[in-house]
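For reference, the structure is listed below as structure tokens.
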Amino acid sequence: MDHLAETIYTMEYNFTAIEQKWQQFWEKNKTFKTSDDTSRKKYYILDMFPYPSGAGLHVGHPEGYTATDIVSRYKRMKGFNVLHPMGWDAFGLPAEQYAIQTGTHPAVTTQKNCDNFRRQIKSLGLSYDWDREINTTDPRYFKWTQWIFIQLYNTWFDEQQQKGRPISELKVPDNYKSQGFDNKNAYIDAKRLAYYDNAQVWWCENCKIVCANEEVLTDGTHEKCGYQVVKKNLKQWMLRIPHYAERLLDGLEGLDWPEGVKDMQKNWIGRSTGAEVHFPLAGSDKSIEVYTTRPDTLFGATYMVLAPEHELVNEITTPEHRQTVSEYTRAASLKSELDRTELAKEKTGVFTGSYAINPLTNQQIPVWVADYVLTGYGTGAIMAVPAHDTRDFDFAKTFGLPVVCILDPEQNTDNESRQKILEGNMCWPEDGQYINSANPDKGIDINGLNKENGIQKIVEWLEQQQIGKAKINYKLRDWLFSRQRYWGEPFPVIHWEDGEITMLNENDLPLELPELDKYEPGANGESPLANADEWLIVTDKNGRKGRRETNTMPQWAGSCWYYLRYIDPANNEAPFNKAKENYWMPVDLYIGGAEHAVLHLLYSRFWHKVLYDLGIVSTDEPFQKLYNQGMILAFAYETSTGAKVATDMVEEKEGKFYHIENGEEVQQIVAKMSKSLKNVVNPDDVVERYGADSLRLYEMFMGPLDATKPWADQGVKGVFGFLGRVYRFFANLDNINGHNKEDAEVLKLLHQTIIKVESDIENLKFNTAISALMVFTNLAIKKGKVCKETAELFTQILSPFAPHLGEELWNLYGHTGSITYEPWPIANPEFLKEDTFEYPVSFNGKMRFKLELPIDMPVNEIEQEVLNNPRSEKWMEQKTVRKIIVVPKKIINVVVS
RNA sequence: GCCGAAGUGGCGGAAUUGGUAGACGCGCAUGACUCAAAAUCAUGUACCUUCACGGGUGUGUGGGUUCGAUUCCCACCUUCGGUACCA
């Protein structure tokens, strides 16, 4: 043993040999295999699983993975049964596009990329239980994605109970039943959480392909070809996520998530309270229904606006306006939503020729059509109150419509503005006091009230008169759940020739993808599956013909429930075993990028709540604690004109940076890693040059986990140097003294470090934990020798951060097994005792000198000590001591004047 | 526009129930080792001033509260992320 240690020590810190040795050891011994021993306390630590791209791992990936790995290793040492899995979110566009270009089956590309990702991840020494690896493209996995889709289809949301329930429990009202089978089915279909309907999608005429939202740039062009995209109506699967809006909002309350993410979800759900109001049409028995958050401003409604797509537009347009209105609505339909918002500054619209009646004033007000009113929100129609809504104000000014002020801003603004507002020449969307807001004939008067009371009183009146009612609205829309793609989960759906839609039986799952020769899209925007004739056409036992759904599910589908599959990844009878689910859920810690703050996390929560309502999972929320890792950026350079300069075109001289060709001075900036700036860092290179432990340590040492921070190669060298120091000192058994009593200073710092590292890991503050490990190492090296027990304790608290080095040292100290399950050290308070405290002594708040005093000295004695201290004289000369503040074990401040 | 996060040495960053600003690391400087370099080791390193002791200034800007403010309050500036005609 001694001889072995000697040989290894005489070598330098050979990280490559050490890391390979231990990675093989872990693999061979299945060190990180997780049992489902429900008698132990569990801890479920989840990473957002990656899309295995052809480019391989980016340095951003190991950041979150290392953080969760440190927590996993720490929790194991703390005695927890830790579930820490990894898998692949492997459906997606790039593999399909590659297939179109080369004919390579996406599964082949995907397999290759997964293998590469797995190799890279394993090279980082991350402690995943690889027996639980999952892949969303594996039929054994997506069988259950399809199964969950069927559950969604067979569920409706009971408003009263605020709960999803099996469709079989839905009572169809008698009047629907009496109208026959079709109506009954239509009623049921209208309640299902998954439904099939027309929806607008982006369509690229050039590529003859449907584009996802993310593929459409802000100027309305397709990111791949630069062609303008248009909207197209296609039959799509949709999910009624808005039914769960309130539940998704409520559920956020109990979660340990960053406030910012909760806010983003709240904004996305976009709950608003207001009222629905009916405006009768003049000379007609029809009425227009509007939604408003400001029913209090009804007295100021001087016109109405319908969205161009509103169903009443055609009906109410008078013959003399027909031409202009139809031209306008046609133009609007051709415009993309982006165009519409693009033109936000200039409002457009046309008059329909019809008038509605303001139910409060009984005045006739014109009805316009304008695209600043959106069809998807509220009722697609508004009452316009130009005096108190900026958008309506802009529109009214453009078209010369009347502006009637009904809310006096009073002292809320300056006098000049107030005059303009009262005259209708300025908009006032804030609070104030109502004026011109009474109609004795109708029995309503809110003059003199403020906004809050005004809203309440008007809503009460509307409900009494039965012309409106309080209403809650959400921005959240139905989720478009199908893509015209090949490389996604096929829907377990058959469309029969008689119009019926059925789901496959559970025993017919999974429905796998057919083999194709070509991956080009089908005709009319259908997915490539439309070309798979043999797969596509089915016949039932009665000879009825049907066609399979040709759309596939979006990439979100597989990631909506993957955390559940890790619990029981090989189960072929169910998505997971219930008892295991009950044991492992919820996820205790979930770390990933903030780019998933809304969609992925909202969609998962939605599915999870449905599964919860159906009794399939045991928790209402899936992810108890969420944390976002920050982005890793890189340095780049910029000339005085703002032109970016690639890193290989810059040289450093005396702390300044110059262009190597023209010598111009350039500024160092922080930018995203990109090929063009030549500042992309490849984890493989870092592992090769400095080792996995250095990469891990550096990524954690860079700064707070959630901060955006730039990569600096010098910084990697820094932590590499630290690990080298650790190795040279702690692996040299000459420095490790077997029997001597440990130095008190070392002992005290060691136990302080144990406490510090423990609490820092608990709070995900890895940068300061590493700093504490460095401080201790510096002291140990300074002392020259430490006891074996000290070295072992240090090795244990180091090992979650630098696991390969941890194992190596542990082994050198004579242990044969892995350090993985060694119990986390417990700090001994004996060694932490302090007899004295070094007080900083301030005069008028400025620290002047330090004074060491016994730790339990009474305050009055401390005061005497300070006043009698010769060093105090200088600061009290010619002055009177007004007060002495003594905060025990903190500070002393003498106030003089 | 709205919502959120953040501004601290040459650089990454540390310190907040208000209590020694700059831990730790990089970089830099000096020294040791070396023929030399690298690596390693030691010492120093916020800025101004002073030979030095010391003194002054300092956490984006301007105010305020306090014995004491990086930390709390008000106003503002800048950067980043999200969102955008949601009535």
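Look at the C1' atom in both B:U79 and B:C24: the space between them is 26 Å, to the nearest Å. Annotation: B:C80 and B:G10 have their P atoms spaced 22 Å apart (nearest Å). Nucleotides B:C48 and B:C53, compared at atom P, are 16 Å apart to the nearest Å. Taking atom P on both B:A5 and B:A42, the two are 43 Å apart, rounded to the nearest angstrom. Going from the P atom of B:G54 to that of B:A15 covers 29 Å, rounded to whole Å. Of the C1' atoms belonging to B:G60 and B:U66, the separation is 23 Å, rounded to the nearest Å. Separating the P atom of B:A52 from that of B:G25 is a span of 27 Å, rounded to the nearest Å.
Below 30°, between 30° and 60°, or above 60°: for A:F395 and A:Y372 the angle between ring planes is between 30° and 60°, a tilted geometry. Aromatic ring pairs are classed by plane angle as parallel below 30°, tilted from 30° to 60° and perpendicular above 60°; the pair A:H596 and A:W556 is perpendicular. Relative ring orientation between A:F801 and A:F766 is described as perpendicular, the plane-to-plane angle rising above 60° on a 0-90° scale split at 30° and 60°.
Using a 4.5 Å heavy-atom threshold, the side chains of A:I669 and A:K644 count as touching. Here the side chains of A:I269 and A:L602 are in contact, with some heavy-atom distance below 4.5 Å. Within the 4.5 Å cutoff, side-chain heavy atoms of A:P366 are placed close to those of A:L401. For the pair A:R871 and A:V841, the minimum side-chain heavy-atom distance is 4.5 Å or more.
The side chain of A:D263 lies closest to B:C3, out of B:C85, B:C3, B:A87. With B:C11, B:A23, B:A87 as the choices, the nucleotide that has an atom nearest any side-chain atom of A:F635 turns out to be B:C11.
A:N893 comes within contact range of at least one nucleobase, with a heavy-atom separation under 4.0 Å. As judged by a 4.0 angstrom heavy-atom cut-off over every strand, A:V887 is placed among the base-contacting residues. The residue A:W875 sits close only to the backbone: its heavy atoms come under 4.0 Å of sugar-phosphate atoms, none of a base. Note on A:K471: nothing from the nucleic acid sits closer than 4.0 angstrom, heavy atoms only. A:N473 comes within contact range of no nucleotide atom at all, as no heavy-atom separation falls under 4.0 Å.
Protein atom CH2 of A:W268 is 8 Å distant from nucleotide atom C1' of B:U83, rounded to whole Å. In this structure, A:M383 places its CE atom 12 Å from P of B:A87, rounding to the nearest Å. Remark: P of B:U40 and OH of A:Y727 are 16 Å apart, rounded to the nearest angstrom. One can place CZ of A:R696 at 21 Å from P of B:G25, the figure rounded to the nearest angstrom. If you measure from atom OH of A:Y698 to atom C1' of B:C24, you get 14 Å, rounded to the nearest angstrom. For the pair A:R725 CZ and B:G25 C1', the interatomic distance rounds to 11 Å; values are reported in whole Å. Note: CD1 (A:I669) to P (B:G10) measures 20 Å, nearest angstrom. Straight-line distance from the CD atom of A:Q629 to the P atom of B:G81: 16 Å, rounded to whole Å.
Under 4.0 angstrom from either OP1 or OP2 of B:A87 there lies at least one side-chain N or O belonging to A:Y377. In this model, the phosphate group of B:C85 is not approached by any side-chain N or O of A:T390 to a distance below 4.0 Å at OP1 or OP2. Look at A:R848 and you won't find any side-chain N or O under 4.0 angstrom from OP1 or OP2 of B:U20. Using a 4.0 Å cut-off, no side-chain N or O of A:N628 falls inside it from OP1 or OP2 of B:G81.
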List every contact pair, protein side and nucleotides 13-17 of chain B side both N or O, where the distance is under 3.5 Å.
| from | atom 1 | to | atom 2 | distance (Å) |
| --- | --- | --- | --- | --- |
| B:A14 | OP1 | A:N767 | ND2 | 3.0 |
| B:A15 | OP1 | A:K765 | NZ | 3.3 |

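Salt bridge annotation for A:R728-A:E12: present, with a cationic side-chain nitrogen under 4.0 angstrom from a carboxylate oxygen. A salt bridge between A:R271 and A:E246 is present, with a side-chain N of the basic residue lying under 4.0 Å from a carboxylate O of the acidic one. Salt bridge present: A:E63 and A:K709 bring a charged side-chain N and a carboxylate O closer than 4.0 Å. A:K889 and A:E834 are not joined by a salt bridge, as no carboxylate oxygen comes within less than 4.0 angstrom of a charged side-chain nitrogen.
Scanning atom types as modelled, no donor and acceptor separated by under 3.5 angstrom connect the side chain of A:K266 and the base of B:C3.
Take the nearest nucleotide of RNA chain B for A:I891 and for A:S771: the residue whose nucleotide is more 5' is A:I891. Nearest-nucleotide positions on RNA chain B for A:K883 and A:F837 put A:F837 closer to the 5' end.
Remark: the backbone N or O of A:A769 is paired with a side-chain donor or acceptor of A:D760 at under 3.5 angstrom. A donor-acceptor contact shorter than 3.5 Å links the side chain of A:N732 to the backbone of A:D734.
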Can you check each nucleotide of nucleotides 26-34 of chain B against protein heavy atoms at under 4.0 Å and return B for base, S for sugar-phosphate only, - for none, in 5' to 3' order? SS-------

How does RNA chain B look in dot-bracket notation if pairs are Watson-Crick or G-U with both distances under 3.5 Å, crossing ones as [ ], other-strand ones as |? (((((((..(((......[....)))((((((.......))))))((((....))))..(((((..]....))))))))))))....

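Under a cutoff of 6.0 Å and an axis angle of 45°, A:R605 and A:W268 do not form a cation-pi pair.
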